[in-house]
Amino acid sequence: MCGIVGVVGNRNATDILMQGLEKLEYRGYDSAGIYVIDKPESGRLIKSVGRIADLRAKIGIDVTGSTGIGHTRWATHGQATEANAHPHTSATGRFVLVHNGVIENYLQIKEEYLAGHSLKGETDTEIAVHLIGQFVEDGLSVLEAFKKALHIIEGSYAFALVDSQNPDTIYVAKNKSPLLIGLGEGYNMVCSDAMAMIRETNQFMEIHDKELVVLTKDNVEVTDYDGNPVEREAYTAELDLSDIGKGTYPYYMLKEIDEQPTVMRKLISTYADENGKLTVDSAIVKSVQEADRIYILAAGTSYNAGFASKSMIETLTDTPVELGIASEWGYNMPLLSKKPMFILLSQSGETADSRQVLVKANAMGIPSLTITNVPGSTLSREATYTMLLHAGPEIAVASTKAYTAQIAALAFLSKAVGEANGKKEALEFDLVHELSIVAQSIEASLSEREVIEKKVANLLATSRNAFYIGRGNDYYVAMEASLKLKEISYIQCEGFAAGELKHGTISLIEDGTPVLALISSSETVAAHTRGNIQEVAARGANVLTVVEEGLDKEGDDIVVNQVHPYLASISMVIPTQLIAYYASLQRGLDVDKPRNLAKAVTVE
């Protein structure tokens, strides 16, 4: 996910853009750029690889204007280079565009409309701005060309376009990517998140999917793609210290679900260098190498993340892994191996049950590693080592991004240990590349949220009970999916190993019982799970399937992009998080604050 800012009609455009980009840097930070203009044909385009600070260092006092657009990027199409950084220009340089999202048919557009065009970079965004420029060259007006392009382009996008011959206007459109209009006094703005422009205004206007906005300093004209006008009132963004991180999202949980692609990319930048070489602390790697067994201690969602990572860790490190519920181990420590290593998973780093285990581990001289989202937390301070999740504040009680971040962090650790051990599987596993694919898979699932919402409406709106089923790692994802559903929707949901249904649990299936089946892994495992689906369907269950691409069949409900098997637990859980979110909304519940629960469990 990337960040867009834009302003028209303010002499301080450069400052507004840079301040906005700094607020949006969490959305992407491998490159950034701005384009500012005052008079026709006088624009300045400045781009830089790296953080916003790197861009700021390149901007001189002469880079000024009253209109401008800016972008902070994490690479999807094309590497993190200055050529691939936004904004992008058309073939003649007349048009300048920033874009968030993924244009699914960009290759088709290139072949059909842009034969002979010379592109500077590798991005789908450049295809879009060239397309608009070509249509203008063919004789269309700028607005007509933009509309025609929008009817051709498929995928998710948020666009902000400037014509260097008419610098008093910004053309804006969106589909499945967030974008807002900020209303100033004598000037107007566009941004991906209200936080980017909250310094300038608290008055914002939503843009819905497939709407086009013509933005000038004193006018906001909203239409659909056919030119029909849309009336929309502005709203006041009431942001304060308690909810500033929520932006314009209705709930923290939805925002945190949406942040997961960015979290994956943040972990890449933290635990790998620009060449893809891992940078995991060598002392941690050595400690894990010396262990004859890894014990993962956790609670709730973190416990499920440990299970979802177990097979991957064992395969990459060649070390057995055992899971423990912290609240049990604190008082009932089992017989341990000769050289144990404890890994404590905790979003907050303050989980009291886990700390009880850590206190005993320290007393026994057992080396320990805390993997947490909070630097300086109790578990972080008291463990031998710490790895941070870098997921940003997670405020919703129902953990989402911490779960996927924990699996990703454990993947970095596992690969680093495996490489140190010379393990073939680890050496051949290109984690940086595969985790980038996972981030794109998450984005693809998020773009289908409306489909998921409709599926939930037909399945869970009035249900009292539900079951998740799966085999292998899908079973562990089912455990987390059922926890998410039960904790915020209050549906009594359980996650089961699909093959265990006929050993007793299938007696609970009756007419109308929702059963949500997860299918990834191999053809053989998928075939067995589909057999279990037939068993519950024969007894009246209403079945919803979440299937990885390549294993999908006609009639499946939700298809998830294929990723590396080690990381499938991350991509497979995303639809289940949205299922829980929408089920809770449809039942009229407070998504962020479910009853009887708190975010950090600081008592045993």
Side-chain angles (χ1 to χ4, degrees), residues 303-318 320-323 403-404 407-408 410-411 414 425 428-429 431 434-435 437-438 441-442 444-445 455 466-485 493-506 509 513-539 541-577 579:
Y303 180 67
N304 294 334
F307 265 116
S309 307
K310 182 179 188 295
S311 177
M312 172 188 66
I313 299 170
E314 290 180 333
T315 302
L316 294 178
T317 69
D318 210 22
V321 175
E322 185 172 335
L323 271 292
Y403 171 85
T404 52
I407 297 173
L410 285 167
S414 301
E425 289 84 352
E428 294 178 348
F429 178 36
L431 176 56
E434 297 297 345
L435 202 57
I437 293 175
V438 168
S441 173
I442 296 173
S445 293
K455 296 287 185 181
F467 297 95
Y468 269 98
I469 62 171
R471 289 173 178 261
N473 260 32
D474 289 335
Y475 164 47
Y476 300 135
V477 175
M479 291 166 54
E480 170 59 15
S482 67
L483 173 61
K484 213 55 52 203
L485 187 61
C493 184
E494 300 300 330
F496 286 104
E500 286 298 291
L501 284 170
K502 54 184 170 287
H503 295 288
T505 310
I506 201 168
I509 302 298
T513 301
V515 175
L516 300 94
L518 307 179
I519 301 176
S520 67
S521 190
S522 68
E523 287 281 359
T524 301
V525 171
H528 285 310
T529 302
R530 289 194 183 278
N532 300 130
I533 290 172
Q534 293 302 314
E535 292 170 354
V536 297
R539 288 156 178 82
N542 290 334
V543 179
L544 182 145
T545 54
V546 180
V547 186
E548 189 174 64
E549 182 183 27
L551 299 172
D552 57 302
K553 296 182 180 296
E554 184 177 354
D556 283 328
D557 297 289
I558 301 168
V559 179
V560 177
N561 287 7
Q562 188 177 48
V563 302
H564 195 287
Y566 293 155
L567 304 172
S569 294
I570 298 177
S571 57
M572 288 293 289
V573 83
I574 304 302
T576 73
Q577 294 173 346
I579 287 169

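Position 1 is the first residue of the sequence, and the numbers go up from there.
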K.L.:
Which residues satisfy the salt bridge (Lys or Arg N to Asp or Glu O under 4.0 Å) test with Asp552, sequence neighbours excluded?
P.N.:
none
K.L.:
What donor-acceptor contacts under 3.5 angstrom involve side-chain atoms of residues 477-484, with partners at least two apart or in another chain?
P.N.:
from, atom 1, to, atom 2, distance (Å)
Glu480, OE1, Thr301, OG1, 3.1
Glu480, OE1, Asn304, ND2, 3.0
Glu480, OE2, Thr301, OG1, 3.2
Glu480, OE2, Lys484, NZ, 2.8
Ser482, OG, Ala478, O, 3.2
Ser482, OG, Met479, O, 2.9
Ser482, OG, Gly495, N, 3.3
Lys484, NZ, Thr301, OG1, 2.8
Lys484, NZ, Ser399, O, 2.9
Lys484, NZ, Glu487, OE2, 2.9

K.L.:
Identify every side-chain donor-acceptor pair in residues 560-574 under 3.5 Å, counting partners at least two apart or on other chains, and give the distances.
P.N.:
from, atom 1, to, atom 2, distance (Å)
His564, ND1, Tyr566, N, 3.1
Ser569, OG, Asn473, ND2, 3.0
Ser571, OG, Ala568, O, 3.2

K.L.:
Return the set of residues passing side-chain hydrogen bond (donor to acceptor under 3.5 Å, both in side chains) with Ser309 (not counting sequence neighbours), or none when no residue passes.
P.N.:
none
K.L.:
Please name all residues satisfying salt bridge (Lys or Arg N to Asp or Glu O under 4.0 Å) with Glu314, sequence neighbours left out, ordered by chain then number.
P.N.:
Lys310
K.L.:
Can you name the residues that form a salt bridge (Lys or Arg N to Asp or Glu O under 4.0 Å) with Asp556, not counting sequence neighbours?
P.N.:
Arg530
K.L.:
Could I get the full list of salt bridge (Lys or Arg N to Asp or Glu O under 4.0 Å) partners for Glu425, not counting sequence neighbours?
P.N.:
Lys423
K.L.:
Please walk me through it: do Cys493 and Phe467 pass side chain to side chain contact (heavy atoms under 4.5 Å, CB included)?
P.N.:
CA-CA 5 Å; Cys493 184; Phe467 297 95; 5.8 Å; no
K.L.:
At what distance, to the nearest 0.5 angstrom, does CG of Leu485 lie from CD1 of Ile579?
P.N.:
8.0 Å
K.L.:
Let me confirm one number: the OH-OH distance from Tyr303 to Tyr403, rounded to the nearest 0.5 Å.
P.N.:
13.0 Å
K.L.:
Provide the closest heavy-atom pair for Ser414 versus Met312 in the form atom of the first, atom of the second, distance.
P.N.:
OG-CE, 4.4 Å
K.L.:
Within this structure, what is the CD1-CD1 distance for the pair Ile407 and Ile313, rounded to the nearest 0.5 Å?
P.N.:
10.0 Å
K.L.:
What pairs with Thr576 under side-chain hydrogen bond (donor to acceptor under 3.5 Å, both in side chains), at least two apart in sequence or on another chain?
P.N.:
none
K.L.:
Could you list all the ring pair (Phe, Tyr, Trp, His ring centres under 6.0 Å) pairs where at least one residue sits in residues 514-537, not counting sequence neighbours?
P.N.:
none
K.L.:
Sort and list the pairs that fulfil salt bridge (charged side-chain N to carboxylate O under 4.0 Å, His left out) and have at least one residue in residues 494-503, not counting sequence neighbours.
P.N.:
Lys486-Glu494
K.L.:
Working to the nearest 0.5 Å, report the span between CD of Gln577 and OG of Ser445.
P.N.:
10.0 Å
K.L.:
After noting the C-alpha distance and the side-chain angles of Val543 and Val536, does the key distance pass the side chain to side chain contact (heavy atoms under 4.5 Å, CB included) rule?
P.N.:
CA-CA 8 Å; Val543 179; Val536 297; 3.9 Å; yes
K.L.:
What residues, two or more places apart in sequence or in another chain, satisfy ring pair (Phe, Tyr, Trp, His ring centres under 6.0 Å) together with Tyr475?
P.N.:
none
K.L.:
Do any N or O atoms from the side chain of Asp557 and from the backbone of Thr545 form a donor-acceptor pair under 3.5 angstrom?
P.N.:
yes
K.L.:
Partners of Glu535 by side-chain hydrogen bond (donor to acceptor under 3.5 Å, both in side chains), sequence neighbours excluded?
P.N.:
Asn532
K.L.:
Indicate yes or no for a side-chain donor-acceptor contact from Thr529 to the backbone of Gly470 under 3.5 Å, with no hydrogens or angles considered.
P.N.:
no
K.L.:
Which is it for Leu516 and Ile469 under the side chain to side chain contact (heavy atoms under 4.5 Å, CB included) test, yes or no, and what are the steps along the way?
P.N.:
CA-CA 6 Å; Leu516 300 94; Ile469 62 171; over 6 Å; no
K.L.:
Check step by step if side chain to side chain contact (heavy atoms under 4.5 Å, CB included) holds for Asn542 and Val515.
P.N.:
CA-CA 6 Å; Asn542 290 334; Val515 175; over 6 Å; no
K.L.:
Do you know which of Leu518, Val559, Ile519 makes side-chain contact (heavy atoms from CB on, under 4.5 Å) with Val546?
P.N.:
Leu518
